[in-house]
Participant: 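The structure is given below, and queries will be raised subsequently.
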Protein chains: 2
Amino acid sequence: MAAHPIDDRESEDLTARARIRDAALHLFAEHGIGGTTIRHISAAAGVSAGLVRHHFGSKEALRDACDAHALDRLMRIKEKAVFDGSGGNPAFMTGAHPTVLLLMRYLARSMVDGSPAAAALFDQMVDLTEAWVTRHHPEVSADPRAYAGVLVAMQMGPLVMHDHLSRALGADILSTAGHLRMSKAVVDFYAHPLLSPEVAAQAHEAMDRLQERPSPTAEPRSAD
Amino acid sequence: MAAHPIDDRESEDLTARARIRDAALHLFAEHGIGGTTIRHISAAAGVSAGLVRHHFGSKEALRDACDAHALDRLMRIKEKAVFDGSGGNPAFMTGAHPTVLLLMRYLARSMVDGSPAAAALFDQMVDLTEAWVTRHHPEVSADPRAYAGVLVAMQMGPLVMHDHLSRALGADILSTAGHLRMSKAVVDFYAHPLLSPEVAAQAHEAMDRLQERPSPTAEPRSAD
DNA sequence: CAGGTTCCTATACGCGTGTGTAGAGGGCAG
DNA sequence: CTGCCCTCTACACACGCGTATAGGAACCTG
């Protein structure tokens, strides 16, 4: 019954403009940007199609507004969770919240659809991860940049393919319960190395050989 | 009737039908299904738009044909690599081949665009991974299904977001050299656990608490 | 009350889309 | 040669899209 734990939406969020933005966020997240029409958004928001243009100018500008809003809201929630510092593991706790789930889903979709804001977010996450890796785990990889990029991309995988993952698991990953189940599996994955040092070294050697003398088993014909 | 003049699958990929399929594969992989038009495909294949319809009936059927072809070709290459058994690490070696890169890129894109064949492939990979985990690493997770699903989704992450990853790394991941660089980082990632057993156990406890008494910091209202 | 600005709807235009149809060219039995 | 099937092109149709414009309704600001 608490009024202000996470949902600190502002008072003007009942305006048609906010309704349009929220509807667009939902539909963009679910059907992608190309798969969502302005008329769908206007219908979901309960307004006319012309009003969407009046408030946002164009579909692209609406997408930008959604990007900015999602980013802003997510950052706000994250930093608030950090300040609250409610013990345990804030990342997973905030991650289980429905609003955060929706926002991350939108961002994941936006990442695939190629939004500039999502690209910037990806780059920023890679930068942060690279700094974190070089600082705390410098021994892990000789190529921290690639390591960080791979880490970010892999972390986003389950979110981007949440529908496939949900189907394979028989539970909605973007529900609180399903997200928790997935998070546990992620922790299991992070806690146990999949490759032994010997196998890893062997793989590195094989790839080094491949790098010097490319494609020994490959056919000579080109791809196209 | 005695002789099939142009029904043999492999010998002549120079037919217009094959050219259309290959062009569609390229364009679908790059721009997605919704972002690719039949006219683009026909132009890339050097034929008229009507011929696309004549050979494949509809855009959806063409997509299905691309799915089937990509799957078939990828399986064929994989099993060939297995039979060749060229020592070292076959997975990374075949993964570095341009044709395989293209096919995997197409399937990754197809996965995001929601093709039935890609969904089936995802499920199949999860099944295989689950069987492999329960057989060789039963101690890793109490939920092998979720673990397998997460593993598959994470493995696909770099492929699905190859453009972002390539931008962040300053090198094309889908080139042979870039793929090799990424593969090394992946091996590094697989070889070192990111979470210590203590932290992992702590996270599990926190999530268990969250599961019993959902969202202590969150309000009960729904996402929309 | 008058005037202007903002919010909102209704309707239409231009365009690109997937799809349908008519028909031309060209090997190949009969 | 005649007829036929297959390949392939050119053209048109209907539809949904983002966008644009005109005008009504409500709400401040004098």
Side-chain angles (χ1 to χ4, degrees), chain A residues 10-67 69 109-110 113-117, chain B residues 1-67 69 109-110 113-116:
Chain A
E10 297 160 20
S11 57
E12 63 183 13
D13 245 340
L14 293 171
T15 64
R17 180 186 165 90
R19 284 209 317 277
I20 292 171
R21 183 190 5 83
D22 287 352
L25 218 108
H26 270 93
L27 291 174
F28 282 159
E30 188 161 4
H31 303 112
I33 289 166
T36 304
T37 71
I38 290 187
R39 287 168 176 84
H40 287 159
I41 296 170
S42 64
V47 298
S48 74
L51 191 61
V52 176
R53 170 175 162 75
H54 172 257
H55 275 303
F56 295 95
S58 72
K59 189 183 182 182
E60 193 67 17
L62 173 57
R63 200 261 291 270
D64 292 342
C66 285
D67 283 344
H69 179 71
R109 188 77 195 218
S110 203
D113 285 350
S115 110
Chain B
M1 308 161 192
H4 291 68
I6 37 178
D7 260 353
D8 217 285
R9 281 188 183 176
E10 304 234 27
S11 54
E12 77 314 279
D13 254 340
L14 293 171
T15 64
R17 181 187 165 90
R19 283 209 318 277
I20 292 170
R21 183 191 3 85
D22 287 352
L25 221 109
H26 270 93
L27 292 174
F28 282 159
E30 188 162 3
H31 302 111
I33 290 165
T36 304
T37 71
I38 290 187
R39 286 170 177 85
H40 287 159
I41 296 170
S42 64
V47 298
S48 75
L51 192 61
V52 176
R53 169 177 162 76
H54 173 256
H55 275 303
F56 295 94
S58 73
K59 190 182 181 181
E60 192 67 18
L62 173 58
R63 199 261 291 271
D64 292 343
C66 286
D67 283 345
H69 180 71
R109 188 78 194 216
S110 203
D113 284 351
S115 108

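Chain letters run A, B, ... following the sequence lines, proteins first, then strands; residues in each count from 1.
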Participant: Does Arg53(A) make a side-chain N or O approach to OP1 or OP2 of dA20(D) shorter than 4.0 Å?
Facilitator: yes
Participant: To the nearest angstrom, how far is Leu27(A) atom CG from dG18(D) atom P?
Facilitator: 12 Å
Participant: His54(A): what forms a side chain to side chain donor-acceptor pair (under 3.5 Å) with it, not counting sequence neighbours?
Facilitator: none
Participant: Apply side chain to side chain contact (heavy atoms under 4.5 Å, CB included) to Val52(A) and Lys59(A), showing your working.
Facilitator: CA-CA 8 Å; Val52(A) 176; Lys59(A) 189 183 182 182; over 6 Å; no
Participant: With a cut-off of under 6.0 Å to the ring centre and 45° to the axis, is Arg17(A) in cation-pi contact with Phe56(A)?
Facilitator: yes
Participant: Taking side chain to side chain donor-acceptor pair (under 3.5 Å) as the test, write out the residues that go with Thr37(B), two or more places apart.
Facilitator: His40(B)
Participant: Could you grab the distance from atom CZ of Arg63(B) to atom CZ of Phe28(B), nearest 0.5 Å is fine?
Facilitator: 7.5 Å
Participant: Kindly compute the distance separating CG (Leu25(A)) from CD1 (Ile20(A)), expressed to the nearest 0.5 Å.
Facilitator: 13.5 Å
Participant: Identify all side-chain donor-acceptor contacts of residues 42-49 of chain B below 3.5 Å with residues at least two apart in sequence or on another chain.
Facilitator:
from, atom 1, to, atom 2, distance (Å)
Ser42(B), OG, Ile38(B), O, 3.3
Ser42(B), OG, Arg39(B), O, 2.8
Ser48(B), OG, Leu51(B), N, 3.4

Participant: Rounded off to whole Å, could you give me the NZ-to-P distance for the Lys59(A) and dG16(D) pair?
Facilitator: 15 Å
Participant: Given dC8(D), is OP1 or OP2 found less than 4.0 Å from the side-chain N or O atoms of His55(B)?
Facilitator: yes
Participant: Holding to side chain to side chain donor-acceptor pair (under 3.5 Å), I want the full list of residues that pass it with Glu30(B), two or more places apart in sequence or in another chain.
Facilitator: none
Participant: In whole angstrom, what separates Ile20(B)'s CD1 from dT7(D)'s P?
Facilitator: 11 Å
Participant: Looking at residues 37-51 of chain B, who's got a heavy atom less than 4.0 Å off DNA chain C?
Facilitator: Thr37(B), Ile38(B), Arg39(B)
Participant: Walking along DNA chain C from 5' to 3', note the first and the last nucleotide with an atom under 4.0 Å from a heavy atom of chain B, and give both.
Facilitator: dT17(C) to dT21(C)
Participant: If you pin Glu60(A) and Val52(B) to their nearest nucleotides in DNA chain D, which one's is more 5'?
Facilitator: Val52(B)
